[in-house]
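See structure below.
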Amino acid sequence: MTPRGASVYRWDVSIMAASISGYTFSSVCYHSANSNSDHEGFLLGEVRHEETVSISDTQISSSELLQVVEVHNHEPCAQLFSFYDYAGQVNEESLNRILKDRRKNVIGWYRFRRNTQQQMSFREQIIHKQLTQLLGVPDLVFLLFSFISTANNSTHALEYVLFRPNRRYNQRVTLSIPNLGNTSQQEYKVSSVPNTSLNYAKVIKEHGAEFFDKDGVMKDIRTIFQVYGALQDKVQSVCGEVEQSERVKEKVQEEVNKLKQQIVLRKRKTTDEERRLQEAQNPEPRLTPEENTEPPETSLLSRVAFHTPSTPERPGPSANPPAYADLLSLQNDSLLPFSSSPTSAALLPRPQAVGSPGHPSPSPLGLGLSAGPNPAAGQEDDEEDDDDDSSEYENLVSEVGQLPPVSASVLLQGRPAALSPDGDASVRGSQT
Amino acid sequence: MSPEVALNRISPELRPLLCSVVRNGRVGLDSTNCLRVTDLKTGCTSLTPGPCCDRFKLHIPYAGETLKWDIIFNARDPELPPDFIFGEDAEFLPEPSELPHLVQWDAGDPECLLQLVKELIQQYHQYQCQRLRESSRLLFEYDSLLEDPNYSRSMEIYAGHKNSWTGEFSARFLLKLPVDFSNIPVYLLKDTTLDPGEDVALLSVSFEDAEATQVFPKLYLSPSIEHALGGSSALHIPAFPSGGCLIDYVPQVCQLLTNKVQYVIQGYHKRREYIAAFLSHFGMGVVEYDAEGFTKLTLLLMWKDFCFLVHGLCKRLVSKKLAKLLNLLPSLDQLSLAKYILSQSN
């Protein structure tokens, strides 16, 4: 266990796995079974190392080192004692004569002996130590085959055990043979052990040009990679476009908000002036609708303005209508020259919740500006994003006194790109 | 498996090698029995006609244990030396250069395999002595015995495996006691084909723990010695003293055994004299007598036309009373002698 940092630990586990191709295994068995005495040879292949690091929420990362031994081929010896003497002393010249240029591919050796225990013998241990040194393979493996026959020779069992004798513990290693076993419930697996046969290589070279390119990579794979690359490029460019459009949208929204503010201010000014005029001229009650020559918006505005307290700042509609106490406090802070009496404010109808039948749909645009508080309430209305501005304007005006003051930073917040659950509104504007 | 069965099943080329092992193979201190062979198998295909067995398990007595080693030949290449699997002693790896009969294996020499096994046993003994280093107490026992020439060359040690949980470590010492049994009366077996073997006394001392708090000694005698001493119950060795050590205990047992042997020898001679005296005095009246152990004598006596048989039984040593009788023998008549013997037998 290696401590890393304050509280992160690491467990290193070293495991060895071995695999042998089915044809190599059957070839060794064939040579051995047909031998009328003990039989031995060398195993050719390669060893690769894999490290898997697993990280969990408990901050304990475990690292698993896997050493995989793959047996590709074998080199049988013609007879016993072909590269060692009676004392088990290995003769390097004889070894080279047997292995020739395949010496560097040796990863182990094997022995076959009938009706004996699955245990390394005295001479095998002596030889193994010397081979480890001569061949320079620290984890040289030893594969022991044994035929066990019953007394009446009715049943013969081929047993095989892979040893790594140079380790003190866990000397036996599981040897897997791909596709040897019950394949009825499993797929036919492609073995990771490559085929080193010369004939196979020749045929592949002849017909390979139809499937492989000059680098030895399958053409289909390269084509798929090209498609993948193109898709990646497209996604990258789309990301850029989305970003740009979002920024444009943000700017446009800011401008719209500013314009709306200006409209509100202007309307307020106009209303105030009219009121002053009226007061100056005639303190009677307000004009009848027929005699009212003012534009309907103004009268509506005046009515609304009379009945609802307004604030100097644009409140920014939120989905949570304020309580009457808030309305009262807003009224006190109002910059309007006149304002409703507290009692009249208390008699104002309670603003209804967003989405309720009697409540006009709040502007999703406005809601987007105050994205912090309860964005969910505004998402239902995001579909009205591109609807008629006039209706938004009306709604906004009707809610001016009902909504709590919102700071400028909130007002200026850009609308988050991926806000809506349906996904449509947020990406509608950015789809290309 | 009897030796004959093993020899019948072994491959003919390997038969001489096995023959010397099963017939003459005595290895180690316990040489009362020959080496035993079991699990004869073949390394040839099942289609090969027999006999073609070329691998077997050899049972070797050592330090009170029986080692079971696999010996692997190849019937197709009988000139090649065998390979060995040392059973449970997987860590035992002898040095090939210390095995001259392996390095210069001669398949034509019938004794080659037996000699090789003896060399392996020597290496095995060294290996076990090395393992005694797990316990300083037991190592001391070994070193002290090694210094005594009486025991240094007649010692076999078997060190058990150290229990990694309890830390317990056990060992057994088997020592051949240097006692002279040459004068012990010859023990004649009814079956003359069986060789009674060498007369030997082995002392086995088992240390069940490394601190020598649980020590169990046991004396093994060859059949003739055991018979001569009067059976296994006749001799009781003292218990291992608490806090004692082998270098003190073993000579004590040796002395006890020597005394007993002397006692037996003296008794034998005395009985022989006793019988001889009766024979010389009542020569014509002797019906029969034990001519081997001189333990029984039957006389036919007569007194005034009354004939009677007198059976005399003398198991061990002649008692003082009988010794006195021997002195009086020439002057005794038959009736007095019969009366005397009857009174003594009661």
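The chains referred to below are lettered A, B, ... by the order of the sequence lines, with proteins before strands, and numbering in each begins at 1. These numbers come from the heavy atoms of this one structure, side chains and all, not from hydrogens, waters or symmetry mates.
From B/F86, atom CZ reaches atom CE of A/M120 across 13.0 Å, with rounding to the nearest 0.5 Å. The CZ atom of B/R55 sits 12.5 Å away from the CD atom of A/Q117 when rounded to the nearest 0.5 Å. Distance check, rounded to the nearest 0.5 Å: CD of A/Q125 to CG of B/L93 gives 5.0 Å. Between the CG atom in B/L80 and the CG atom in A/L80 there is a gap of 6.5 Å [rounded to 0.5 Å].
Only the side chain of B/L99 comes within contact range of chain A, with at least one heavy atom under 4.5 Å from a heavy atom of that chain. Heavy atoms closer than 4.5 Å to chain A are found in both the backbone and the side chain of B/A90. For B/S46, the parts lying near chain A are the backbone and the side chain together; criterion is any non-hydrogen pair under 4.5 Å. Heavy-atom distances place the backbone of B/P82, and not its side chain, under 4.5 Å from chain A. Interface residue B/D83: backbone and side-chain heavy atoms are both found under 4.5 Å from chain A. For chain B, the nearby parts of A/N36 are the backbone and the side chain; heavy atoms of each come within less than 4.5 Å. The contact between A/T116 and chain B is made entirely by side chain atoms (from C-beta outward), counting heavy-atom distances below 4.5 Å. Neither the backbone nor the side chain of B/S97 comes within less than 4.5 Å of any heavy atom in chain A.
With a 4.5 Å cut-off on side-chain heavy atoms, A/D38 and B/I72 count as touching. Considering only heavy atoms from C-beta on, B/K41 stays 4.5 Å or farther from A/S149 through its side chain.
Around the NZ atom of B/K118, the shell of radius 6.0 Å holds more than 12 heavy atoms that belong to other residues, nucleotides or ligands. No more than 12 heavy atoms of other residues, nucleotides or ligands lie within 6.0 Å of CZ in B/R36, so this atom counts as exposed by the packing criterion. Within a 6.0 Å sphere centred on CD of B/E4, other residues, nucleotides and ligands contribute more than 12 heavy atoms. Environment of CD in A/Q133: sparse, with no more than 12 heavy atoms of neighbouring residues, nucleotides or ligands closer than 6.0 Å.
Contact count against chain A (heavy-atom pairs under 4.5 Å) is highest for B/T42 among B/T42, B/D39, B/D54. Comparing B/N74, B/L47, B/D77 by how many heavy-atom pairs each has under 4.5 Å with chain A, the most go to B/N74.
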### Query
Given the rule in the side chain to side chain contact (heavy atoms under 4.5 Å, CB included) test, do A/R114 and B/T45 qualify, once you have shown the distances and angles that lead to the verdict?
CA-CA 8 Å; A/R114 286 187 180 84; B/T45 62; 3.3 Å; yes
### Task
Carefully, step by step, assess A/F122 and B/L102 under the rule side chain to side chain contact (heavy atoms under 4.5 Å, CB included).
CA-CA 12 Å; A/F122 159 58; B/L102 176 66; 3.7 Å; yes
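No salt bridge links B/D70 with A/R113; every basic N to acidic carboxylate O contact stays at or beyond 4.0 Å.
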